[in-house]
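Note that the numbering runs from 1 along the sequence shown for the chain. Note that these values count all heavy atoms, side chains included, but never hydrogens, waters or copies made by symmetry.
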Amino acid sequence: MVGVIVLEDEPVLRQELGDFLADLGYAPLCLANLEAFEQGFDPARHRLAIIDIGLPDGCGLELIQRLRSAGEPVGIIVFSARNTSADQVRGLTVGADHYLGKGSDLDVLAATLAALARRLDLRAPQAPRQPDCWRLDLRPRVLHIPGAPTVPLSQQDAVVLSCLMSRAGQNVARWEIIEALGEDYLQYDQRRLDTQMSRLRRRIGSLSGQALPVKTVRNSGFCFYQAAEVLK
C-alpha cells in the first residue's frame with residue numbers, strides 16, 4: 001500500500017480525508033500540525049503528502065520548502081482554502097507538485113494522487129474489487145460480509161447502513177440519514193454523524209478484516225459503492 005501523510009488542522013476534514021484515502025486503498029497517516037508532521041513523517045513509508053497551508057503552528061509552504069531542501073522525494077499536493085493564482089504560483093514555486101483548492105471534488109484529489117503516483121513510479125492502489133453481495137439483516141441486526149465473520153450492529157448503525165445499502169451505488173444525503181435516525185436535521189450536530197461513521201468503519205474493519213465500502217461525498221453525504229441487499 002502506498003503511504004500518504006496528510007497535514008490538515010480541521011478535525012472533520014482530516015477524518016474525512018483519512019477515510020477517503022483508506023477507501024481508495026492508500027495507507028494514510030493524518031496529522032493536525034507541523035510538530036506532529038515532523039515527528040511522524042517517514043520518507044521510506046510516506047511517498048505522497050497532502051499538505052494544508054494555514055496551520056496552527058506555522059505555514060505549510062515553509063514545510064514544503066524544508067522537505068525539498070532536504071532532498072526528500074515525496075510527492076506533494078497542497079490542499080488549501082487559500083487558492084488564488086498567487087497562492088498557487090507560490091506553492092508550486094517552493095516545491096509542491098500540485099495545488100488544489102479545498103472546493104475541489106475529492107475525486108479530483110484521487111485522480112491527482114494516482115497521476116502523481118504514476119509519475120513517481122509508485123504502485124498506485126487498484127480500484128476496489130467488487131466482491132459478492134454485502135447483506136444487511138435488520139431482524140437480528142447483523143451485517144453479512146462476503147468471506148468474513150458476521151458483524152452484529154447497534155440500532156443506530158443498522159439504520160445508517162439501511163439508508164446506504166438500500167440505495168447502493170447512489171449518493172445518500174446527510175439530511176436523509178439524520179432524519180432516518182429520528183433527529184431534526186436543523187438542530188443536529190453533524191459531527192455526531194461523522195463520528196458514528198468513523199466508529200462504524202473501525203468496528204467493521206476490526207471484526208471482519210475488511211473495509212466498509214462507504215465513501216464520503218464531500219459536502220453532500222455518503223455512498224455505499226458495492227453490491228448490497230437489505231433484508232427486513
Side-chain angles (χ1 to χ4, degrees), residues 1-8 10 13-31 34 36-38 40-53 55 60-85 87-131 169 171 201 205 209-220 222-227:
M1 297 175 73
V2 179
V4 183
I5 188 166
V6 179
L7 183 53
E8 168 57 56
E10 202 283 308
L13 179 55
R14 185 169 63 251
Q15 181 69 56
E16 182 180 348
L17 288 171
D19 291 340
F20 180 73
L21 293 169
D23 287 345
L24 290 174
Y26 293 98
L29 173 64
C30 299
L31 305 169
L34 290 168
F37 186 99
E38 300 285 4
F41 176 61
D42 179 355
R45 185 159 53 101
H46 302 126
R47 305 300 305 279
L48 299 169
I50 299 172
I51 296 176
D52 191 8
I53 297 301
L55 298 162
L61 293 178
E62 294 174 2
L63 170 64
I64 295 170
Q65 208 162 21
R66 290 198 300 274
L67 290 170
R68 291 305 183 222
S69 296
E72 301 294 359
V74 60
I76 298 174
I77 298 174
V78 171
F79 195 59
S80 175
R82 288 156 53 177
N83 196 33
T84 67
S85 296
D87 291 322
Q88 293 175 35
V89 169
R90 187 179 175 205
L92 296 170
T93 299
V94 300
D97 295 286
H98 296 278
Y99 196 116
L100 299 177
K102 284 187 177 176
S104 302
D105 191 279
L106 289 186
D107 288 338
V108 175
L109 176 61
T112 304
L113 277 168
L116 185 53
R118 287 194 301 270
R119 184 164 68 77
L120 296 175
D121 214 11
L122 306 178
R123 180 174 295 183
Q126 301 297 312
R129 180 178 61 86
Q130 289 292 336
N171 295 343
R201 284 185 170 105
Q210 298 205 32
L212 182 68
V214 173
K215 71 175 181 179
T216 302
V217 183
R218 184 162 169 75
N219 297 325
S220 174
F222 302 91
C223 174
F224 194 98
Y225 56 78
Q226 291 184 354

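To the nearest 0.5 angstrom, D52 atom CG is 8.5 Å from R82 atom CZ. Distance check, rounded to the nearest 0.5 Å: CG of L212 to OH of Y225 gives 8.0 Å. To the nearest 0.5 Å, atoms OG1 (T84) and CG (D87) are separated by 3.0 Å. In this structure, CD on E62 lies 10.0 Å from CD1 on I53, to the nearest 0.5 angstrom. Taking CG of L100 as the start and CD of Q88 as the end, the distance is 9.0 Å to the nearest 0.5 Å. With rounding to the nearest 0.5 angstrom, the NZ atom of K215 is 8.5 Å from the CG atom of L24.
Using a 4.5 Å heavy-atom threshold, the side chains of L109 and L17 count as touching. The shortest side-chain heavy-atom distance between D19 and E16 does not fall under the 4.5 Å cut-off. Within the 4.5 Å cutoff, no side-chain heavy atoms of F37 are placed close to those of L29.
The nearest pair of heavy atoms linking A96 to V78 is CB-CG2, 3.7 Å. Taking each heavy atom of G91 and L61 in turn, the nearest pair found is CA-CD2, 3.6 Å. Minimum interatomic distance between P28 and G18 (heavy atoms only, all atoms of both residues): CG-O, 3.5 Å. Among all heavy-atom pairs drawn from G40 and H46, the shortest one is O-CE1, 3.2 Å.
For F79, there are no ring-ring contact (aromatic ring centres under 6.0 Å, His included) partners at least two apart in sequence or on another chain. Residues satisfying the ring-ring contact (aromatic ring centres under 6.0 Å, His included) test with Y99, not counting sequence neighbours, are none.
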(request) Would you check, one step at a time, whether the test side chain to side chain contact (heavy atoms under 4.5 Å, CB included) holds for L21 with I50? (result) CA-CA 11 Å; L21 293 169; I50 299 172; 4.0 Å; yes
(request) Applying side chain to side chain contact (heavy atoms under 4.5 Å, CB included), run through I77 and L48 and close with a yes or a no. (result) CA-CA 8 Å; I77 298 174; L48 299 169; over 6 Å; no
(request) Applying side chain to side chain contact (heavy atoms under 4.5 Å, CB included), run through R66 and E38 and close with a yes or a no. (result) CA-CA 11 Å; R66 290 198 300 274; E38 300 285 4; 2.7 Å; yes
(message) Using the rule given for side chain to side chain contact (heavy atoms under 4.5 Å, CB included), can you reason through V217 versus F20, listing the C-alpha separation, both sets of side-chain angles and the distance that settles it, and then say yes or no?
(response) CA-CA 9 Å; V217 183; F20 180 73; over 6 Å; no
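Evaluated for a side-chain contact (heavy atoms from CB on, under 4.5 Å) with I76, the options L63, I51, L92 yield exactly one hit, I51.
Using a cut-off of 4.0 Å between Lys/Arg side-chain N and Asp/Glu carboxylate O, D97 and R68 are scored as salt-bridged. Ion pair K102/E8 flagged as a salt bridge, since at least one NZ, NE, NH1 or NH2 atom sits closer than 4.0 Å to an Asp/Glu carboxylate oxygen.
At least one donor-acceptor pair closer than 3.5 Å links the side chain of R201 to the backbone N or O of V214. Side chain of Q65 to backbone of G95: no donor-acceptor contact under 3.5 angstrom is found.
Other residues, nucleotides and ligands contribute only 12 or fewer heavy atoms inside 6.0 Å of the CZ atom of R90.
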